[in-house]
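Working notes, structure below.
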Amino acid sequence: MKRTMIVLSIVIVLSMILGACVQPTAAPTAAPVVEPTAAPVVEPTAAPVVEPTVAPTEAPAPTEAPVAEVKAGDTVLPRKETLYFNGQQWGSVVGWNPYSSSNNNAMAIAAQDSARVIMFETPYIYNMMDGKQYPLLADGDLVWNDAGTEITFKIKAAAKWNDGTPVTADDVAYTWASHIKYNTQFGAAGKPYIENIEAVDPATVVVKAKLGDDGKPVNSMIVQAYLSSNYVIQKAWTETLEARIGAETEKFLTDPAEDVAYSGPYGKFFADDSKVVYIRNDNYWGQDASMWGKLPAPKYLAHIIYKDNAAGTTALQAGEVDVSQQFNSNVQDFWLKDNLPISTYLPEPPYGIGASLPTAFFNLAVPGLDQVAVRKAIALAVDYDTIIANAMTNQSATFTQVPRSLMNPTPGEQALYDHEAVKDLQWAGNDIEGAKKLLDDAGIVDTNGDGNREYNGKELAFQALCPNGWSDWQAAMEVVAAAGAKIGINITTNFPEWAVYQTVVTNWPLQEGYDIFMMWSDGAGPTQPWSRTQHLMHSMFAETTNNWNGNYGGYKNPAADALIDEIPTIDDPEKIKANYTELVKIYLTDVPSFTLMYRPQSFHTVNESVWTNFPHEGDGTDPAVPPLDLTDGYSIAGLYNLTLVNP
Amino acid sequence: MRNTLKSIFKDGKFRLGFGILVFLLLMIFLYPLFVPNPPLEIIGRGTFFPPGVYVSNLDSVSGAPIYSLTLADAEAKRLASKLSLEDRAEMKTYLLAVGVPEEQINIEDTAALLALWAEKYDPKLNVKGMIFAKLQYYRRLNDKLVSLLDSEGLILARETDGVLEKTGQVLPLDYVNIGEVSSVRVLPLGTDNFGRDVLTELVKATGVSLQIGLIAGSIATAIGLVLGLISGYVGGWLDDLIMFFTNLLIVIPSLIILILISYSISQSERGPTTIAIVIGLTSWVWTTKAVRAQVISLRNRDHVNLSKLSGHSTASIILRDILPYIASYVVMAFILQISSAILAEASLSILGLGPKTTLVPTLGLMMNWAMIYQAHILGKWWAYFPVIVVIALITFSMNLINTSLDQIFNPALRE
């Protein structure tokens, strides 16, 4: 007994110490964009197929392989030919089907504002640094006809699929037709605004906007954005797919599409549950002088599938990751303390370019939160500087640097509203006295002397929620809760699992207890800040189900709706600015939701152990390459600038 | 009784275990008297400030009395802190890269090195073959080197309408006495990811965790004792029934039941007390088994049979004739229950299933947040190691007390 007790106590002490060394269980922090459909079960057909050799079209040019040839599935890729990523791919790849939005194939398929174009390509690519769309598959700038009703563009003569056939206008038109026919999410999103996309001749595409009663496009911004956010998919392959699925149309989206044709510089090399590797197509059309004039530098793009952020961080520190798209807390320690060759886009805080606005929404159906005074008091009392310094470890601009509005911190958006006109409405936070006064003036006071205020005889008590494991958001919610305590409103935090959380917040009516909750709002894109404003304030999203757009709290204001609806139809920049200024005023007065921090579109931290010449502020590129991990939109240009540190 | 206590306190192991426990309890009660700060107050703007004495920079230059000290090594230390040997070597690398002949560079001679640096360093120059991170390093180094050899110190100035007006000067010989600086905060264990004082939080968390242990231990022991007594003494179908449930629960690892129950209670309902009750309700099975076994061996003793013959009620027999004989065992089981409940809380919290965060800190929650913010990877030991030490100390002391009590009460082990 005595012996066993001693042994037992030693075992317990040891197990505690060992327990402390265990990796955290829930680590992926809030990613700026999380696909709702991410992480489905891997279908059997999509199971990692280890190809014995590389498919002929993907095979490296034989002249380039004097030494042992790398085969798909090899655990070791030549380090000096491989660019490693982290923070994009969580879980194994499900498929390669560009029509589907549930491939869980983050590196290859992400049709978004800055579409990921390593494998599939869009006619234009968006550059968030200057807000312009640059031609990729298209030849020449994006221009509307004089009536402003349609866009005509040509396909570059050099543009080819990986099977060597040319990319044609037919491919563009057929892609759109298929989106409509099979009612994909991209088709559904574009249908209200795009009448049709047609091929005039093999090289010319006409995009016709849907017109309103006044003969003007319903929304020209969305039509234009379609061309830089949706892939062109090969007609021949689509027909193969249609033949394969036959009458079972639902398989159109679930087909894993291992045989898909692509026009981009990289294709599938290998994928299993531990990593995904893309190999350069050395016959890529973009090496033509009409596009890049050369091939991108890395031969392989590889993404090890890390268990969590902590594992990813360790790999970045060790130089096993070159480009990191994940939240690394205290990123400056990498170079200040550890002397590692790691850097971010900006050398000083906020280290990246803030593009999206993680936002706390109020559930306006909850008694108490239907009162503007309560909402504004909570928003006033929150200590945003602490959120930014502690939760975001200074990887966000502060609200003194970039006063709150509906705009992200990029200069283009900031110029869209009159700063002086809304100055009195903007708050920088931690204004406890102001918040208390607001509540006192509204008659919301503590009547029973328990230190907590009552409204209509009921104690003000709310829950603040965000998904479990999204550490920076969780910490932000803790700060919101602390603010409540200071002004006599009881706020407690609650962190449900993401699977539960996402179903609740996107489906009205919200479950009881979802009082104050965090969601993201739109980042940078060709339709911004209009889309973000619409998503935050427009009543068309209020009290709806399956709502992934925004306005999760159920805010309705006809005046705001009218201003938002009007903007796409205005040509006069001054009038647009006036509308935005008015909207910012309404937003800051009614406080249906409030921004907690600014967040980069993508985190962009690079390790220069192997590769160098990554984009950074003032790197001399013209147009400037955005810090979007060398994969998204115009940032793909960065892949062509990379060089080896020790060639 | 007195003799028993005496013999208990004579035991070295018991004294050690008891001493640790008393020390922890004293900390819990005395520390807040001296440091009355709220344990969850966020004081740090930034994460994981290292342990140390924090002196207000403003107060030390503008409020505290100035003393002049001529310390021989002051300048050398100042230089070393701004310009280490590695920095000097790196400066040489840069100077070589921009084409300065090696014989002109002497990294020992600070003045010459700095002069050469000032002449050759160009922040706008993109040195060929030098990575961006390195160029940034030189830019930061260059910023540090400004006025490094300045013997004039720093000038304090106030800005009014864009015009600077000198208000004071900080000389190299100026010193302040920390005791005379108006705002000083000692953070013996630094701050955590929220910018909270770790030691203050830790003391409070230790108290809360002990409370959780106490509540959970009492519940588990109470249930285990009652069921064990009934099952052992009454026997028959009641015994079968109780043993049926006990055996059922025994084959399922209690941590799994614990996780399932905690998960099903929404986090907003999960206070420390709720967690304690849940832990208590899932950890009584072994106590039941052991108590039952002891009771069965006592059931047919002569004094019990005598009581029965005298017509005492079952309840009275259990309380008067059986309970005293197993009391020592129950006390020991209780102590073990407390320590395992504290461990259970820690394991639950690490999984994110512990009490909700805002109200009070617990040892498990502190570890949970330290891990979420990667303290173990970033080397911020003060955020998690002291917590581990406290948990280890609590369980260690309780186990020591337990073994020494066992030695005294259990005749088979008595030396």
Side-chain angles (χ1 to χ4, degrees), chain A residues 1-2 5-6 8-9 12-13 16-17 19-27 309-310 313-314 317 329-330 333 335-336 339-343 347 383 385-386 389-390 393-394 463 468-469 471 474-475 478-479 481-482 485 491-496 513 606-608 612-614 616 619-620 645, chain B residues 40-42 44-48 86 126 129-137 139-140 193-195 266-268 339-340 343 346-347 350-352 356-359 367-374 376-380 384-385 387-388 391-392 395-396 398-400 402-403 406-407 410 412-413:
Chain A
M1 187 69 184
K2 177 184 161 191
M5 271 316 185
I6 291 171
L8 192 71
S9 54
I12 289 175
V13 171
M16 277 315 301
I17 292 168
C21 306
V22 171
Q23 301 280 5
T25 47
N309 268 356
T313 303
T314 316
Q317 282 174 313
S329 64
N330 288 311
D333 282 1
W335 57 84
L336 289 184
N339 271 326
L340 294 170
I342 293 178
S343 57
D383 187 350
D385 288 341
T386 297
N390 299 16
T393 61
N394 286 320
Q463 278 190 48
N468 190 24
S471 53
Q474 281 175 284
E478 293 289 333
V479 177
I491 302 177
T492 50
T493 51
N494 186 2
F495 308 124
V606 296
N607 186 322
E608 288 175 285
T612 183
N613 224 3
F614 291 97
H616 58 83
D619 56 8
V645 176
Chain B
L40 289 182
E41 188 186 25
I42 296 173
R45 285 255 164 91
T47 56
F48 300 127
E86 292 80 30
N126 264 333
M130 196 168 278
I131 61 175
F132 179 63
K134 202 86 222 181
L135 290 172
Q136 289 300 316
Y137 163 79
R139 185 188 54 76
R140 289 191 304 270
N193 63 298
F194 287 108
S266 82
Q267 197 179 17
S268 51
S339 82
S340 67
L343 286 178
S347 346
I350 280 181
L351 295 175
K356 54 185 167 183
T357 336
T358 358
L359 297 178
M367 302 257 281
N368 184 26
W369 279 108
M371 294 220 174
I372 290 178
Y373 268 78
Q374 304 177 5
H376 54 308
I377 290 179
L378 302 172
K380 317 287 183 188
Y384 63 91
F385 196 68
V387 187
I388 298 174
I391 294 179
T395 44
F396 180 60
M398 299 228 167
N399 280 301
L400 269 185
N402 186 282
T403 28
D406 200 22
Q407 240 163 40
N410 189 342
L413 292 174

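The chains referred to below are lettered A, B, ... by the order of the sequence lines, with proteins before strands, and numbering in each begins at 1.
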Mind checking whether B/Thr47 and A/Ser329 have side chains closer than 4.5 Å, heavy atoms only? no

The reported gap from OG1 in A/Thr612 to NZ in B/Lys134 (rounded to nearest 0.5 angstrom) is 12.0 Å

If I take atom OH from residue B/Tyr373 and atom CG from residue A/Asn309, how far apart are they, to the nearest 0.5 angstrom? 10.5 Å

Separation of A/Glu478 CD from B/Asn193 CG (nearest 0.5 Å): 9.0 Å

Find out whether A/Val479 and B/Ile42 are in side-chain contact, i.e. whether some heavy atom of one side chain is under 4.5 Å from a heavy atom of the other. yes

For the pair B/Phe132 and A/His616, name the ring-plane relationship: parallel under 30°, tilted 30 to 60°, perpendicular over 60°. parallel

Within the structure provided, determine whether A/Trp335 and B/Gln136 are in side-chain contact (heavy-atom separation under 4.5 Å). no

Any side-chain heavy-atom pair from A/Asn330 and B/Gln374 closer than 4.5 angstrom? no

If you compare all heavy atoms of A/Pro341 against all heavy atoms of B/Ile131, which two are closest, and at what distance to 0.1 Å? CB-CD1, 3.6 Å

Given that the side chain runs from C-beta out, which part of A/Thr386 has a heavy atom under 4.5 Å from chain B: side chain, backbone, both or neither? both

With only heavy atoms counted, which part of A/Asp619 is less than 4.5 Å from chain B, the side chain, the backbone, both or neither? neither

Drop me the distance from B/Phe48's CZ to A/Thr393's OG1, to the nearest 0.5 angstrom. 10.0 Å

Does the side chain of B/Ile377 come within less than 4.5 Å of A/Gln317's, by heavy atoms? yes

